[in-house]
Every structure is written in C-alpha cells, then in structure tokens.
Amino acid sequence: MDAINGLLYGLSVACDASNLLLLLGGCLLGTLVGVLPGLGPVGAISILLPLTFQLPPAGAIIMLAGIYNGAMYGGSTTSILINVPGEAASVVTCLDGYRMAKKGRAGQALGIAVFGSFIAGTLGLVGLQLVAGPLSTLALKFGPPEYFAVIFLGFAFIVYLAQRSMIKAVLMTLSGVLLSLIGLDPITAEQRMTFGALHLFEGLNVVPLAIGLFGLAEVFGNLEKTASAKILRVKIRNLFPSRRQWLAAKWAIVRGSVIGFFLGILPGGGPVLSTFIAYGVEKRLSRHPETFGQGAIEGVAAPEAANNAAASTSFIPLLTLGIPPNVVLAVLFGAFLIHGVTPGPLLMTQHPEIFWGVIASMYLGNVILLILNLPFIPLWVQVLRIPDRILYPLIILFCLVGAYSINNSVFDIGVMVLFGVIGYFLKKFDYEAAPLILGFVLGPMFEVNLRRSLLMSQGSFGIFLERPIALIAFAVCAILILLPVVKIIRTGRGGRSPR
Amino acid sequence: MKKNRWLIAALAAFLAIGWGAAGPGARAAYPERPLTLLVGFVPGGSMDLSARALAKAAEKILGQPIMVENKPGGTGTVALAALLSQNHDGYTLCGTPSSVLIRVSQQQPVPFKPFTSFRAVIGFTEPQLGIVVKSDAPWKTLGELSAYAAKNSGRVKYATTGVGSTTHAAVEAFAKRDRLQLIHVPYKGSMEALTALLGGHVEFAALTSELVPAVKAGQARLLSVMSEKRSPKYPSVPTLKEQGYDFANDAVFAVVAPADIDPAVAGKLEEAFAAAAKNKEYLETLDRINMIPVYYNGKAFDAFLRYHWKVINKNLKASGAISEAATKPE
Amino acid sequence: MNQRDLAGSLFFLALASIVLVLSVLQGIGTLGHPGAWFVPSVTCVLMIFFALAGLVSAVRGRSGAACVAEAWRPVRWRKNAAVLAALAVYVALLPYAGFLAATFLLMSVLFRLNALTVKAALLAACLSSGLAYGLFYLLLKTPLPRGIWGF
C-alpha cells in the first residue's frame, strides 16, 4: 500500500464513529493534562492506559496518540498564562509567552502557539506518512547486528542530547538497562535478580515505573513547595494573529518544524529537546535578538512548532523499527504490547488498520485540537483555577488506580510508590528520569540482540563490522562519543552546565 | 470472594424467606451466582481471547455470567497461585496453557503441584504450530531442508519463540534424528521470529499461530505442522510425527479448577464446558485467531500432562537447561 | 568539591559493584554462548566506569556551590513523609479492606494533609473514592480488590 492509498484507508478507519469519539476523548484528555501543571503526557498515558483495555487495539492507540498530541497543544496555555509549564515541552514557551501575556498580548501568544502547532504538526505528519512505508520495508533487512547497532546508537544519542550532565545521563540509562534485566532471562529462562518473587518473573512493567517517576514523584516534588502559581487575569482577545505577526512568525514556524522533524526521529531527542534548540536557533538568526525574553512572537512560535513536529515524527522509529525514541513513545510501546500488537517492520502489512489508522487519526487530531484550543481557551483557563490541594490528592488517586490495573496487582502499586520515592530523590540529586525509562525499554532489545548476534557469529564481534548498516551506526556512535571526550580533554571538566 | 460468603448467605436467606417454601434441592443448585475465570496473561493475547470466547459460550449453558479477570505475571503462574488462594468452591476457575504446568514449573519453582493441585475442566484449544521457510526459499519439504542443512553443517540458522519453548523442542527433535548441526537464534514470541525469517536473517523458523497470516499472504511456506494429527487448515501439510520425528505438540490451553472442589460441581462444569466447546460463535472466534479446537476432558488432560512432563523433563535435561525439575509434580 | 554529585556517584559505584560481583559469581558464559549474566556484568562495568568519572568530576567541581543541604532547604519534610506513610499503609491495607474503604481512608488523609478542614476532607474523599469506584469498577469493570466486606 503506497502512502496515498494507505492514508485513504487510514482515514476510513479513523472516521469510524467509535474511533472518532476515542480520538476526540484523547484530544480532550491530552489538552487537559497539558494544561494542568504537574502531570505530563507520560504520566497521563500510563495512568489512562487501563481505560483502553476494553477497546480494540487500533482504537486504543488512536486515543493514546490523541492524548500525546493534545498535551503538546495544551502545555502552552499554562506557560503563557501562569508562567508555569504545563509539561516539559512547554518550558521554553514561558520565556516569551508569559511576557507577551503580561503586555496584554495573551490572545496573540495563545493564537500563534495553536496555529504554529497545527502547521508544524501537520507537516510532521506528511513526513511520517511518506517515510514510514519505505522505512518499514528497509527495516526488514535489520537483523540482530543491525538492531544492536541502532540501539547502541540510540543510547549514544540519549546521552549526547541529555539536558544536563552527560555522565549522569549515562548512569541513568545504564540503571534503566539493569532494571530491565530483572526477571527470567529471555534466552535461558534463568531467574535474574528476582529474589524468587513470582511477580518479578516477567520483570518490572514500564507503566508503574513511569507513573512513579513522572506522576507520583512530581506530586511529591510539588507538595513541599509553599508558593502557589497565580493566574494572570487578562482578557483574551485577538486569537487570530494579524498579517504582521504572520510575517514575523512565518519562518520561525518553518524552522521550528524542520528542527522538530529531525529531533523527533532521533532517540533521546523528542519534543522537549527540540523546543530548546528551536528557540536557540531563532534567537541566533533573529535581526533583533534583544527582544527575545521580552515577548518576541518568534520565541513562542518556534518552540511550539518544534514540539508538535517532533511529536508527529517520533512515531516513525516506533512504527517501522519497533524502537521507541522518547519516553512517551516508550510507554506507548508498552501499550502496543498490552494490546497484543508488536510494533516493528511487519506492523504495516499485518495491522494496516493500526499503522495507517493512527497516522490518519493524527491528521484529524490536529484539526480537532485546533478547534478545541481556539474558541475554548477560556474554558481551559478555568481548569487552571482548580486549587492544588484538591488536584494533588486526585492525581495520587489516578496514579494508584493506573498502576494497579495494568496487571490487576497490588504489587505494582508498591512498585509505583517505590519509584515515586526514587524519582523524588533523583530530582533532588539532579538526575533526569527520562534516560532511565528509555534505558529500561531499550535494555531488553539491547541484550537479546547482542546475544543473538554473538550466537549467530559464534562469538566473533566481526559480525558488527561486516554489515553496512551496523557499521554506519557504529561510526556515528564513535563520533558522538569522541566529541564530548575531546571537549572534556580541552576544558578539563566533565559534564555540561545546566541550560 | 471468600468473604462474600456471609453476604451471600444473608441474601440467600432473605430470598428463601421471600419465596416461602423452597425445596430441599434448591440449595445445591450450582451455580447460583456469577463465576470468575482468571487468565494469567495480558488481554488481547491468544490465551485471553480464546478463554473469553469459551467463557461466553459457557455462560449460556451454566446460566450465570462468567467474569474474565486478567492476572498476568510469573509467566502465567501468578493466576494459578491466585486460584488456589480463593475459595475452592467451583466459582473461581483459571484458564492456562499446559506449558505453565509442565514447562515453566520444571524450569522455575512454583507455589503449586502441577499434577495434584488442579483438576482440568476442559482442554479446549491448541495453537497452530509449524516449521516455515520464506516463500522464495528453494526447499519444498522438510526432507529437502534437512539435506541442505546436512550439507551446510553448522551454518544454518533457525528462529524459535524462545529457549525451552515447544517450538524449540520440535526443531531439536528434527535436528537430533537427522544429526544436524544448527544455530539456534531464540526470539521473544512468534512475531519477532517471523520478522527475522522474512528479513532473511535465519533460514527457517518454528512458529506458533502467527505463521497463519504470513502463509496466507504468500510470504512464508509451511513445511510441517507439529500437532498430533494434520491441521484442519492445512490438510496437505504433513505432521512431524508422520515423517518419523518423535515430537507432538505439548501446548494445549485448558480451564482448571482447584483439585479439591466438590466432584458434583466438577462434573457439572465439565459437562457445561464440553457443550460450550461446540458453540458456533466460539469456533468462529478460534478460527479468526488461528487456534485449533481440540477436546480433552479432565481425565484425558491429566494423562496428557503426565505424558508430556516426562518427555519435556528428558529434553530439558538433555539440553542442559535444568539438572532436575524445579518443582515436584505431585 | 560538589558533595551532592559525590554522594550520587558513590551510590551508583556501590550499586554497580555489588551487582557485578553477584553476576560474575553466577557465571557469564562465553562470547560464543553468552550466558544469562553476561549483559548484567557488562552493564555494571560500564556503570562503574562512569560512576568513577562522575566521582572525579564531582571532586574537581565547584566547591560548596551545590552542597546536599541546599537542595533540601525548601522542603516541608513532614508532609512528604506523611503522604508516603499513608501510601504504605494503603498498600498494606488494600487486599483486606478492599478498594473502596482503603481509598476512602487514604483520600481523607491526603485531603486533610493538604489543609482542607476535616469535614471538607471527608466529603472530598467520599466523592473522589466513590467516583473512582463507580468509574473503574462499575463502569469499566476493572477488577479492583474486594475486601473482607465484599466490596
């Protein structure tokens, strides 16, 4: 099925009444968690995953993808109006968005954020639609050595693109790998680090882990703070940007889309990182960089475009290779498995309804989100008025139910609480949790493909150098590893200072 | 569940008073409330889907709803352990593949005795197991493949659904009789193994039901099935046994109850599930998820377990995976 | 010297060393037939290497700027500890009390901790646990744990 026919078929799946409703529900929920500070898309998708158990796989994934995209849209509202990012991908939007709002231009800021998101999200989807098919065919050529090389490259990128210290990112990734090895060895069925506990035979589940690290830990972190955010009391008007603003933001949106497009595909990249880079690029290219941080419209348009483009294209490696490039997709990967569907090169031929259905529904989702966000922004602002003391206990409740219902097991609640505490300490010690989850999800693939390769080659590492794809991947790894080493030797210091 | 008793008793008493004179036999009318069917795997898998379909058919015969409850974990053992922790009154059952009782429990210590803790209500279906090659591969029969592997000793690779799985055991039986040196590349599940085969990374693969759509789409060719008898889906494809390899499928999905439930209740359940297994919708569901209907009653399933326990024990010891079974069977 | 990073690196160093020793004792197999403990060992060796690197960079890092105490200063210790304790009790209680009762109890405590009056906390707990029960148990048929009272 080529890209056009595939999309038409996908639209027929996505326009099915129940799928359309699920998409709408997902977009609404996503916007809601995007707007609410303290709960991002990772926590939200993990917590809401059990709601999709009764659904057919296509519908479930459509809804979860809707949540992801919705959160990308909703996050900007909070950033602009209360200077607190609704989720991580909107941190940068605070810089200029809040300034614009303070100057009475809240409507324009919200408007350009929504339109920028829409344009970039759609561009990203066009890319996804065109690339995914051919890449699936190519991905069949990926054997264990290629997979190992690509996952190794992924680890290198995760570390290289780390937002804070690289050493800490490596340690987090490796801890994730180590945690993922708990349970029966996939090759010899020996018990590893299970302490004989029946519940650990199949290893830890990514969902309670993610809920703990991204949901509960967030609540723990917020509970101890005393100050509460104040909503800017402004009249919101002129959501449609004027001609002059379009001209100012046009190229920012395009550049943001392109940056998001590529960073979305890279493991460890994803929406969050793309916003930082898009903002930096705009500031550097601008003819009046001094306006950045003072309410420059490009400073809102570029990162909002980047995070939506990245959200779209991050589906490419998951749908074609079965490798999730960022944390949200790592949880979605778990969702696929729970619904009995293995993402990978055969997804397109064996489950076209999911493959094309999800892509088509994301097009529709962008339109729905445009409609949801423009006229209803005042409504979302009302949500922000829910006091924290009501909100946080409710988030804890949802964390508990979400963790329990994955396996209907109280054991998972315990795991979730434990990782909530761990996540809290990680934050205190300035470690990022995202590389840990990625290491956790990629860990088993890393292990089995390494061991399968060695089984195939009877113990010779030459197998990784004989294959062109693997060789290229390792060459890129070498560059990525050498760059910071050179830098460390030059400056005599490890790690990168916080941005 | 256990604690429900008082509530139920009170309710029953209330109803009894309400109806006035209830006959002496009324109390024994099993089942008088909904049943629970535990499943040790995630929703959407073949165990879950087939058990749900069977439960739906059995509801109509028993006259009470059957609630399916997924309790994944411990490669299926968590649900069996949970079954034993509930009241042994025939209101809680568990759907399990035979592999959990006879393979997993030999490799891992489990908190039950595979032969004596449970009694099967029915063994109802088995996956479509088979040995496949890519459709553009030169081998049309298992014999041709065997001849090629003999010529290229130590170079032919095959994918299975995991070390110690039924599919692995089947290829080992094949390699043992034909004295072949093969390289085993284990995958996690049938889908990954199929991907490896279609990508040309292995010469052949031993798969479960995922082979059906691939064979249908003309991507793969089925050389042999592993069931006792030929598959109704592929009547022209020979079984391993027919071709002189000492192997027959040991993976049968069953519904089990605790061994010590009231024999009358057990009899009623066996009867009801046997009738349910003839339900048309249920059979259609099995066909859709590429499972093959079979039938074992409690006694037959017990004999099946005991026979295959010995076979698997011998195989696992020979391959060095275990030195002694991790759990005592009785 | 950056004490906070020093503590972190030491923790990972200790963790990786322990797991490494245990893994190697279990047998890592050969390259041609890598065993079950092969990858855990490799992972631990890498962790030790990077924990040492972190150690060096922490020792050479800016002194006193980010000491442990600073990160903990704005903390309202008691509240977090109380929430954690409540969650621990909840996990222990859940199989016996059942979802509805245990959750009601937990939510009352959480709302009370978040400075709601006793009355308001009880009301909010009643609503939230009741709605969650209705949504997940009755509507979505999630088999939430039933307690000794059968709900």
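Naming convention: chains lettered A, B, ... in sequence-line order (proteins, then strands); numbering from 1 in each chain.
Sparse packing is recorded around CE of B/M67, with 12 or fewer heavy atoms of other residues, nucleotides or ligands lying under 6.0 Å away. The environment of CZ in A/F333 is crowded: more than 12 heavy-atom neighbours from other residues, nucleotides or ligands sit within 6.0 Å. Within a 6.0 Å sphere centred on NZ of B/K317, other residues, nucleotides and ligands contribute more than 12 heavy atoms. For B/K233, the NZ atom sits in a packed shell: over 12 heavy atoms of surrounding residues, nucleotides or ligands are nearer than 6.0 Å.
Counting only heavy atoms from C-beta outward, the side chains of B/L198 and A/P345 never approach each other to under 4.5 Å. Contact annotation: the side chain of A/Q350 approaches that of B/L194 to within less than 4.5 Å [non-hydrogen atoms, C-beta and beyond].
Note on B/G199, B/P72, B/S46: by heavy-atom pairs under 4.5 Å with chain A, the leading option is B/P72. In terms of heavy-atom pairs under 4.5 Å with chain A, the best-connected choice from B/A82, B/G73, B/A217, B/G154 is B/G73. Annotation: maximal heavy-atom pairing with chain B below 4.5 Å, among A/Q458, A/R451, A/Q191, A/H199, occurs at A/Q191.
One finds the CG atom of A/L198 at 7.5 Å from the OG1 atom of B/T75 (value rounded to the nearest 0.5 Å). Separation of atoms CD (B/E192) and CG (A/L346) is listed at 10.5 Å; rounding is to 0.5 Å. Here the CZ atom belonging to A/R452 is positioned 10.0 Å from the NZ atom belonging to B/K188, to the nearest 0.5 angstrom. Remark: A/L184 CG to B/Q108 CD distance equals 4.5 Å, nearest 0.5 Å. Separating the CG atom in A/N449 from the OH atom in B/Y187 is a distance of 7.0 Å, to the nearest 0.5 Å. Note that CG of A/L455 is 8.5 Å distant from CD1 of B/I183, once rounded to the nearest 0.5 Å.
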Could you walk me through whether A/N407 and B/K71 pass the side chain to side chain contact (heavy atoms under 4.5 Å, CB included) test, one step at a time? CA-CA 6 Å; A/N407 284 337; B/K71 277 225 175 285; over 6 Å; no
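Counting only distance, with no hydrogens or angles, the side chain of A/N408 and the backbone of B/N70 share a donor-acceptor pair below 3.5 Å.
Residue contact with chain A, scored on non-hydrogen atoms closer than 4.5 Å, involves the side chain of B/K157 exclusively. When heavy atoms are compared at a cutoff of 4.5 Å, B/P109 approaches chain A by way of both its backbone and its side chain. Contact annotation for B/A81: only side-chain heavy atoms (C-beta onward) come within less than 4.5 Å of a heavy atom of chain A. For chain B, no part of A/F411 is nearby; none of its heavy atoms comes within less than 4.5 Å.
In terms of heavy atoms, B/H201 sits closest to A/G143 at CE1-N, 3.0 Å.
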